[in-house]
Amino acid sequence: MSSPTKLRVIQWATGGVGRAAIECVLNHPQLELVGCWVHSAEKDGRDVGEFLGLGELGVTATNSLDDVLATEADCVVYSPLIPNDDEVVAILRSGKNVVTPVGWVYPDPGNPRHRAVADAAAEAGVTLHGSGIHPGGITERFPLMLSGLSSAVTHIRAEEFSDIRTYNAPDVVRHIMGFGGTPEEAMQGPMASLLEAGFKQSVRMIADHMGFRIDPNVRTIQDVAVATADIDYAPFPITTGAVAARRFRWQALVDGEPVITAAVNWLMGEENLDPAWDFGGRGERFEVEITGEPTVSLTFKGLQPETIAEGLVKNPGVVATANHCVNAIPDVCAADPGIKTYLDLPLFAGRPAPKLAAGASAR
């Protein structure tokens with residue numbers, strides 16, 4: 001009996017998430033890599049596996065949008081640093097489903113930009129799904145799951161505690177996240193607006209699905225800590241007085257009191273900070289807490305690397321972000337057209353290692 005036809009996947013961008021997504025596609029029994037868009041001319045025309053160190057894959061990278069649109073494929077994993085609505089609309093209109101960690105977790109149908117993307121998907125008969133980790137999973141999917149264990153809920157919290165020195169994208173850390181600059185530069189920089197689009201969607205998904213009567217505006221709070229002495233960070237100097245930690249909070253309010261909080265804590269280590277922030281003795285982690293009857297909490301470990309050196313080689317949080325997207329592809333491709341969130345899709349899961357999969361020969 002012939003095996004089922006695999007779903008054909010194109011990877012868009014080959015940064016940390018892109019590389020991990022390609023590896024997950026290669027490990028997934030229902031998926032096949034058939035194309036790859038790259039930003040740089042240096043990678044254009046080369047075998048994808050060659051420049052990613054994965055061995056020859058027989059898939060040639062391209063930096064041409066037209067080439068990607070012309071490639072026969074079922075789905076695109078769209079993972080640039082910053083999303084471009086026009087690119088996404090073009091991909092959808094070419095008849096390809098899209099999964100992405102850079103937006104559309106719970107889009108507002110009243111937002112003209114979101115509506116344009118949704119219309120493109122519906123008209124082309126394909127689906128877009130926003131995924132990831134935070135936002136894109138720990139911020140809404142897992143809190144909703146955990147809340148089923150409680151009643152009379154008064155607060156939901158999803159929070160990240162990470163050492164940002166393990167994130168191997170120094171240009172992003174310096175120029176977008178604002179580390180190493182002045183507090184004024186960081187507070188006025190692009191990071192809050194880039195983050196809030198996703199996190200506000202996460203907060204609203206929880207509120208809508210659980211039935212909270214939240215105030216119209218989701219509150220954004222951001223704070224910085226500065227270095228009290230020079231901090232050892234190889235890519236660029238973190239000098240005394242420069243930004244060395246950032247905190248963000250997005251809160252849904254009822255009568256002015258927070259009922260849903262999504263939070264991020266990014267620190268350049270736990271030493272020489274003012275204010276003297278730390279990870280609270282529990283190390284790097286993600287936490288989900290439901291305050292209710294009973295109060296329940298869940299701690300995620302393993303999504304941050306054990307050492308800075310390990311993170312610079314392969315950051316497990318980045319890998320998990322990609323996996324959460326790729327593992328959704330079969331259900332996204334089978335879904336009705338339009339933008340589909342976790343609330344619309346069935347429960348999807350990872351796959352076993354190939355040697356442990358059903359049908360694999362025992363040795």
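Everything quoted here is computed from the prediction, not taken from an experiment.
R247 forms a cation-pi arrangement with W277, by the criterion of a distance under 6.0 Å to the ring centre and an angle within 45° of the ring axis. With Y106 as the aromatic partner, R204 does not meet the cation-pi criteria of under 6.0 angstrom to the ring centre and within 45 degrees of the ring axis.
Around CD of E72, the count of heavy atoms belonging to other residues, nucleotides or ligands within 6.0 Å does not exceed 12. In this structure, D232 places its CG atom where only 12 or fewer heavy-atom neighbours from other residues, nucleotides or ligands lie under 6.0 Å away. Around the NE2 atom of H155, the shell of radius 6.0 Å holds more than 12 heavy atoms that belong to other residues, nucleotides or ligands. Within 6.0 Å of the CD atom in E271, the count of heavy atoms belonging to other residues, nucleotides or ligands does not exceed 12.
Aromatic rings of F179 and F236 (six-membered ring for Trp) have centroids beyond the 6.0 Å cut-off, not under it.
When the side-chain contact (heavy atoms from CB on, under 4.5 Å) test is applied to S193, no partner is found at least two apart in sequence or on another chain. Applying the side-chain contact (heavy atoms from CB on, under 4.5 Å) criterion to S40, with sequence neighbours excluded, gives E42, K43. Scanning for side-chain contact (heavy atoms from CB on, under 4.5 Å) contacts around V172 gives L81, Y167, A169, I176, M177, with sequence neighbours left out. Taking the side chain to side chain donor-acceptor pair (under 3.5 Å) definition, one finds that S147 meets it with nothing, sequence neighbours left out. Not counting sequence neighbours, N27 has no partner by the side chain to side chain donor-acceptor pair (under 3.5 Å) test.
Checking S151 against E293 by side-chain atom types alone, no donor-acceptor pair falls below 3.5 Å. In the model, Q251 has no side-chain atom that pairs as donor or acceptor with a side-chain atom of T220 under 3.5 Å. Judged purely by distance below 3.5 Å, without hydrogens or angles, the side chains of R46 and T60 never pair a donor atom with an acceptor atom.
Ring pair H324/Y342 is parallel by interplanar angle, where below 30° counts as parallel and above 60° as perpendicular. Taking the six-membered ring where the residue is Trp, W250 and F199 present parallel rings, their angle staying beneath 30° rather than reaching 60°.
The heavy-atom pair separating A262 from T139 by the smallest distance is CB-CG2, 3.6 Å. Between I290 and S150, the closest heavy-atom pair is CG2-CB, 4.1 Å.
Follow the hydrophobic side-chain contacts under 4.5 Å out from F161 and you never reach I221; the two are in separate clusters. In the hydrophobic clustering of this structure, L146 groups with V259; members are Ile, Leu, Val, Met, Phe, Trp, Tyr whose side-chain heavy atoms approach within less than 4.5 Å, directly or through other members. Put simply, F348 and V319 are part of two different groups of oily side chains (I, L, V, M, F, W, Y) that touch within less than 4.5 Å, one to the next. The hydrophobic cluster containing F300 also contains V264, counting ILVMFWY residues as joined when their side-chain heavy atoms lie under 4.5 angstrom apart, directly or transitively. One hydrophobic cluster holds both V296 and I260 under the rule that ILVMFWY side chains link at heavy-atom gaps under 4.5 Å.
One distance of note links NZ of K6 with CD of E32; it measures 6.5 Å at 0.5 Å rounding. To the nearest 0.5 Å, the span separating CZ on R174 from OH on Y233 amounts to 11.0 Å. Distance OG1/T154 to CD/E257: 11.0 Å, rounded to 0.5 Å. Separation of atoms CG (L54) and CG (L26) is listed at 6.5 Å; rounding is to 0.5 Å. Note: I238 CD1 to I231 CD1 = 6.5 Å, rounded to the nearest 0.5 Å. Distance check: L298 CG to I138 CD1 gives 8.5 Å after rounding to the nearest 0.5 Å.
In this structure, C75 and V99 have side chains that are in contact, with non-hydrogen atoms separated by less than 4.5 Å. In this structure, V25 and Q11 have side chains that are not in contact, with every pair of non-hydrogen atoms separated by 4.5 Å or more. Residues V326 and L31 meet the side-chain proximity criterion, which asks for heavy atoms closer than 4.5 Å.
Within the structure, salt bridge (charged side-chain N to carboxylate O under 4.0 Å, His left out) pairs that include any residue of residues 118-135 comprise R93-E123 (at least two apart or interchain). Each salt bridge (charged side-chain N to carboxylate O under 4.0 Å, His left out) pair with one or both residues in residues 133-161, not counting sequence neighbours, appears once here: R157-E159, R157-E287, R157-E289, E159-R249. Pairs passing the salt bridge (charged side-chain N to carboxylate O under 4.0 Å, His left out) check and including a residue from residues 213-225, sequence neighbours excluded, read R213-D255. For residues 13-25, the salt bridge (charged side-chain N to carboxylate O under 4.0 Å, His left out) pairs, not counting sequence neighbours, are R19-E23, E23-K314.
Chaining together hydrophobic side chains whose heavy atoms lie under 4.5 Å apart places I91 alongside I10, W12, V34, W37, L65, V68, L69, V76, Y78, V88, V89, L92, V98, V102, W104, V117, V126, L128, I339. The hydrophobic cluster containing V226, built from Ile/Leu/Val/Met/Phe/Trp/Tyr side-chain heavy atoms closer than 4.5 Å, comprises no other residue. Connectivity analysis of hydrophobic side chains (ILVMFWY, heavy atoms under 4.5 Å, direct or indirect) links L347 to nothing; its cluster partners are none.
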Check the pair T228 / L273 against side chain to side chain contact (heavy atoms under 4.5 Å, CB included), numbers first and verdict last. CA-CA 6 Å; T228 58; L273 298 178; over 6 Å; no

